[in-house]
Structures are given as structure tokens and as C-alpha cells.
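In what follows, a structure is listed as C-alpha cells, so that the remarks can point back to it.
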Amino acid sequence: MKLNQNTIAELAELLENAELQAHDIVKITDAHPEMDWDDAYAIQEEIRRRKIARGTKIVGLKCGLTSYSKMKQMGVETPCFGFVTDYGCVPDGGEVKVAELIHPKIEPEICFVMKHALKGPGCHIGAVLAATDFIIPGLEIIDSRYRNFKFDLKSVIADNTSAARFVVGGQPQPVSEVDLRTVGLVMEKNGVPVAFGAGAAVLGHPAAAIAMLANHLGARGEEIPAGALILSGGVTEAIAIAAGDHINLRVQGMGSLGVRFV
Ligand code: OOG
Ligand code: MG
């Protein structure tokens, strides 16, 4: 760790205020180029602590930058991990208020709901599939707190990996019913197909993202708890949205879900 506890608390407050007040900030590594990975996750952890203290419930975990399209779009090369909240959960067919966000984008994801806890190190896709209760399609609405969505990996980890809102819905399936590598998906904006992908876009197999999360947590003495909802990461690049837009996601053999922006 390179930052002291006061700086970590200050940066967490800065980032969380930017989120809650929907205004952007310059990326924090500009003022703190020395910060390291542990600092970045410590800031994210402090944001989580602030939210829990205020009564927010953490309802799931997320993997980010797990597909090549996303890594290329954002100019970074390593996946990262964050959390999602109760107030971020939007029902299928529900509304997202654009005024509560800075410059939202949306991306299609495959979500896992775990039956058993999963603890790294040494987690692999077999262990993930054995521990999964079901998979379900999801849409994540990301909203980087950084100006023009421009960041480096440490800044985005501190910013809880741009987490803002998410939707899960459609037809859940047991993992035995779906080939997670070839499962196809189409995301439509206002009725027009705008992004297409297959599960293998996410680290070759979306369960690999969950294994990576378990190994990341394991290195810190933590685990994925039984019952956890986990977003495995955007399959395609994220699409910018504005008030008035409607997004629909169709996933092969897993139905569809949608969300409106007002
Ligand atoms: C970082 C969050 C990435 C994903 O699914 O790849 C993410 C960002 O692109 O702002 O949630
Ligand atoms: Mg995502």
C-alpha cells in the first residue's frame, strides 16, 4: 500500500459523492500516481463500507473487463472486480432515470447465481459450474465517475468498476442446459440490433470470470458466498444511452429482458 488511511477515505468520499450527485471527476491516479492495486481495492472497500453504514445492501458481485471487446474499448488488459447494490437493481422492464447518472452505457452479461460458496486459490471452471445454481441473462448499466469515461485500471477499480445499475431477467437455466461458450446474444436499442456476441467472448468461457473472482477473493482470505449473484462481465462493448432509449437483450435459449431510460 502506498496511500495512507486518510487519503483512502478521502478518495472514497470523492468517488462516492461523484456517484451519488452524478457529477464527473478527473481520474484519481492523476493526483496519486503512486497508488497501487491494494490501494485501489482499499478505496473500493471503503466505498462499500460507507454504503453499508448508510443501510445499503450489497446484493451481488461483478467481474469487469473480462472480454476482449471491453478491454479494447477501455484500453486496459486485466479484468477487475466490484459489487452491485440494492438501489442499483432495476426490475426487468423497469426504468432507469438518466438524470441520476453521468454518462451511462449498457452492456449484455451472463449472470451466475451460486448454490455453494466458492473459495480460491485453485478455482477453475469445473468448480464454478459445480457450485452454480443457475445462470440468467443480465444487462449492466455502467457509469464511470471519470470525465469522458477515461481511466486506467487502478482508477476504475477504486470507482467500483463503474457499477451503477443492473437488470436480470429472462429464462434462468441450469449450466448443464447451456453451452456457455457458444450461447449467442443480441442487444437491441430502440428495436435495432446494435451488439452481438457469444459467451466465449468472456475469457473463453464466462465461468472463467467467476473462477478468477474466486481466486482474487481467495488471495485476500475471502470467498464468493453461497447464493451470490455475479455478473461475469460485458460480452460486447458497452453502448451509450440517453433518455427515451429502450434496450432489449435476447439470449439464446434464455429468453429476453429489457429496460427503459427516462
Ligand atoms: C469498467 C467496468 C467494466 C464490464 O462488464 O466489463 C464492466 C468500465 O468499462 O467502465 O462492468
Ligand atoms: Mg459489466
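Both ligands and their constituent atoms are indexed starting at 1 by order of listing. Scope of the values below: all heavy atoms of this structure, side chains included, with no hydrogens, waters or symmetry mates.
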Quick check: closest heavy atoms across Asp143 and Ala164, and the distance to 0.1 Å?
CB-CB, 3.7 Å
Counting each atom of ligand 1 from 1 as listed, which ones have a heavy atom of Cys63 under 4.0 Å away?
5 (O)
What are the atoms of ligand 1, with element, lying closer than 4.0 Å to any heavy atom of Gly234?
4 (C), 5 (O), 6 (O)
Could you pull out the atom name of the N/O/S atom in Glu109 that is nearest the Mg ion (ligand 2)?
OE2
Does the Asn248 side chain pair with the main chain of Glu188, one donor and one acceptor, at a distance under 3.5 Å?
no
Given the side-chain rings of Phe149 and His103, with only the six-membered ring counted for Trp, is the space between their centroids under 6.0 Å?
yes
I need the contact type for Ala238 against ligand 1. Using non-hydrogen atoms and a strict under-4.0 Å cut-off, is it side chain, backbone, both or neither?
neither
Those atoms of ligand 1 less than 4.0 Å from some heavy atom in Gly233:
5 (O)
Hey, are Lys62 and Thr161 close enough side-chain-wise for a donor-acceptor pair under 3.5 Å?
yes
So which heavy atom in the protein is nearest atom 4 (C) of ligand 1, and how far is it from that ligand atom?
Glu107 OE2, 3.0 Å
Can a donor-acceptor pair be found, under 3.5 Å and without considering hydrogens, that links the side chain of His124 to the backbone of Gly126?
yes
Which one holds for Gln73 and ligand 1: side chain close, backbone close, both close, or neither close, with close meaning a heavy atom under 4.0 Å?
neither
Does any N or O in the side chain of Ser144 come within less than 3.5 Å of the main-chain N or O of Tyr146, such that one atom is a donor and the other an acceptor?
yes
Between Tyr87 and Lys57, is there a side-chain donor-acceptor contact under 3.5 Å, judged purely by atom types and distance?
no
Could you list which atoms of ligand 1 come closer than 4.0 Å to a heavy atom of Glu109?
5 (O)
Would you say the side-chain atoms of Asp245 pair up with the backbone N or O of Lys189, donor to acceptor, closer than 3.5 Å?
no
Evaluate Ser144 for polar contact with ligand 1, using N/O atom pairs at a separation under 3.5 Å.
no
Please confirm whether the backbone N or O of Thr236 pairs with a side-chain atom of Gln73, one donor and one acceptor, at under 3.5 Å?
no
min-distance protein heavy atom vs atom 6 (O) of ligand 1 -> Leu65 N, 2.6 Å
List every atom of ligand 1 that sits less than 4.0 Å from any heavy atom of Lys62, numbering the atoms from 1 in the order shown and giving each element.
2 (C), 7 (C), 11 (O)
Answer yes or no: is there a donor N or O on one side and an acceptor on the other, between the side chain of Gln252 and the main chain of Gly184, under 3.5 Å?
yes
Taking only heavy atoms of Met74, which atoms of ligand 1 are found under 4.0 Å from at least one of them?
9 (O)
Nearest protein heavy-atom contact for atom 2 (C) of ligand 1: which residue, which atom, what distance?
Thr161 O, 3.1 Å
Quick one: look up the protein heavy atom nearest atom 9 (O) of ligand 1 and list residue, atom name and how far away it is.
Lys70 NZ, 2.9 Å
How large, to 10°, is the angle at the Mg ion (ligand 2) when you draw lines to OE2 on Glu107 and to OE1 on Glu140?
110°
Determine whether a donor-acceptor pair (N or O, by modelled atom type, separation under 3.5 Å) exists between the side chain of Asn4 and the backbone of Thr7.
yes
Give the numbers and elements of all ligand 1 atoms closer than 4.0 Å to a heavy atom of Val156.
1 (C)
Note: ligand 1 atoms sitting under 4.0 Å from heavy atoms of Ile142 are 8 (C), 9 (O), 10 (O), 11 (O)
Counting non-hydrogen protein atoms only, what is the nearest one to atom 1 (C) of ligand 1? Give residue, atom name and distance.
Ser162 OG, 3.6 Å
